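Encoded as structure tokens, the structure appears first; notes follow it.
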Amino acid sequence: MTQHCILIGAPHDAGKKRRGCLMGPDAYRTAGLAEAITALGHSVHDVGNVSPAKVEVGAPKNPLVHQLAENVGWTIALAEAAETHAPEGMPIFMGGDHALALGTVAGMAAHHAKSDRPFFVLWLDAHSDIHTPDTTDSGNLHGTPVGYVTGKPGFEDFPPLKAKVDPSNICMIGLRSVDGAEHAMLQQMDVDVVDMRMIDESGIKAPLEAFLDRVKAANGVLHVSLDVDFLDPSVAPAVGTTVPGGATVREGHLVMEMLCDSGVVGSLDLVELNPFLDERGKTATLMVDLTASLLGRRVFDRPTRSHG
């Protein structure tokens, strides 16, 4: 099935202290994301980069919180961009750090709340990102989007949610760096959690298949949030939050091909790419290839890469 893909640049670099993710959208463009999509028969419209809304907020209750106003401004702008462009096709948000998902997921949830289809989220990440501005001990708000979209308290400075995401409609795959506070929160919520031990023991196919079957049975629509650190840093080094033991290239492509086969994906985040940390475009190229697999490229269609 051909799709109309809307590329939305989100040079969001306020969700953590280490700089560099603002270069992510242009790295995806340089790595040929639009060309890879059109080669598969889909149409593409690159709407350019979103700019954050200008807002003023008071000092955060938690003094560790980093760039609160900028994060609120990005959330407003990206939620609006998601709601604006979702009716046109499949939005692909080119990030940008994972704090962009405060806006993209909230906006996509609001869009789908207008229809009869329930909204699901697949979180491909080493981290659960379920903190709030009050609970974060790093102050980095890229660790809070799941907390926000599920309606946890502590986000009073952020725009009120038009639609909360049901935690039971969230599946997290690839977790391997979850702190004590997040672990406690996950135990209280009905999030489907697939950590790397489970993947090591039984593979990645079965838990993803079970989740996708749930989405299809509900006639749901799925937002995929793909963090570079879902992948092992040996194959995807361009991320400031490297955690050893991540998904392999083969596991990444299997996930994307299964998502393609499911027919339920309605939107995609590509987050945490820091080109400053990349090795000659290696990570950007892999993320483009994974997106192509999500949109229909098969294992025997993958291009041979020369890095010589």
Side-chain angles (χ1 to χ4, degrees), residues 3-16 18-52 74 77-78 81-82 85 88-101 103-104 124-125 142 224-242 246-247 249 252-253 256 260 265 267-297 301-308:
Q3 301 222 49
H4 181 56
C5 299
I6 302 100
L7 303 184
I8 303 168
H12 190 325
D13 211 16
K16 75 278 174 268
R18 186 166 193 169
R19 302 291 301 278
C21 286
L22 82 167
M23 298 184 287
D26 284 341
Y28 288 121
R29 294 181 176 108
T30 303
L33 180 58
E35 292 82 356
I37 294 170
T38 55
L40 294 165
H42 307 292
S43 58
V44 176
H45 178 208
D46 187 339
V47 301
N49 290 348
V50 173
S51 298
W74 274 112
L78 286 167
H85 294 291
E88 302 166 5
M90 177 181 174
I92 298 177
F93 301 95
M94 304 180 295
D97 68 53
H98 219 156
L100 69 84
T104 62
L124 299 172
D125 200 325
H142 69 170
V224 178
S225 204
L226 172 61
D227 191 311
V228 169
D229 70 25
F230 166 68
L231 301 157
D232 191 79
S234 65
V235 297
V239 63
T241 50
T242 52
V249 171
H253 279 292
M256 293 299 150
C260 178
V265 178
S267 47
L268 172 67
D269 294 331
L270 301 172
V271 304
E272 294 289 350
L273 177 68
N274 185 339
F276 190 74
L277 304 175
D278 212 355
E279 298 170 5
R280 295 155 67 184
K282 174 181 178 178
T283 309
T285 298
L286 176 55
M287 294 287 278
V288 168
D289 286 346
L290 290 171
T291 304
S293 286
L294 174 61
L295 290 167
R297 185 190 287 166
D301 298 325
R302 289 191 205 134
T304 298
R305 298 291 181 191
S306 173
H307 294 284

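Here the structure is a predicted model, which is why all the values come from computation and not from measurement.
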Least distance between heavy atoms, [X] atom then [Y] atom:
| X | Y | answer |
| --- | --- | --- |
| A27 | A284 | O-CB, 4.2 Å |
| G15 | A99 | CA-CB, 3.8 Å |
| G20 | P275 | O-CD, 3.5 Å |
| A101 | S225 | CB-OG, 4.2 Å |
| Y28 | V271 | OH-N, 4.4 Å |
| A77 | P52 | CB-CA, 4.0 Å |

Once you round to the nearest 0.5 Å, how far does [atom1] of [X] lie from [atom2] of [Y]?
| X | Y | atom1 | atom2 | answer |
| --- | --- | --- | --- | --- |
| F93 | S267 | CZ | OG | 6.5 Å |
| L7 | H85 | CG | NE2 | 11.0 Å |
| N49 | H12 | CG | NE2 | 13.0 Å |
| L270 | I8 | CG | CD1 | 11.5 Å |
| T285 | E279 | OG1 | CD | 12.0 Å |

Indicate yes or no: at least one non-hydrogen side-chain atom of [X] is less than 4.5 angstrom from one of [Y].
| X | Y | result |
| --- | --- | --- |
| L231 | L290 | yes |
| C5 | L295 | yes |
| L226 | L294 | no |
| M256 | L124 | yes |
| H253 | L286 | yes |

Sequence-distant partners of [X], side chain to side chain donor-acceptor pair (under 3.5 Å), two or more places apart:
| X | result |
| --- | --- |
| E35 | none |
| S51 | none |
| T283 | D278 |
| R19 | D13 |

Have H142 and E272 got a donor and an acceptor in their side chains that come within less than 3.5 Å?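 Present: a donor and an acceptor within the cut-off.
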Evaluation steps, side-chain contact (heavy atoms from CB on, under 4.5 Å), between V249 and D289: CA-CA 10 Å; V249 171; D289 286 346; over 6 Å; no
What residues form a ring-ring contact (aromatic ring centres under 6.0 Å, His included) with H98, not counting sequence neighbours?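 Counting only residues at least two positions away or on another chain, H98 forms a ring-ring contact (aromatic ring centres under 6.0 Å, His included) with W123.
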Show me the donor-acceptor pairs, under 3.5 Å and distance only, between side chains in residues 235-242 and residues at least two apart or in other chains.
residue: T241; atom: OG1; partner: D229; partner atom: OD2; Å: 2.8

With W74 as reference, evaluate L100, D97, V50 under the side-chain contact (heavy atoms from CB on, under 4.5 Å) test and give the passing residue.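 So the option named by the test is V50.
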Indicate yes or no for a side-chain donor-acceptor contact from H42 to the backbone of V44 under 3.5 Å, with no hydrogens or angles considered.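 Not at all, since once roles are kept as given, no pair shorter than 3.5 Å links the two residues.
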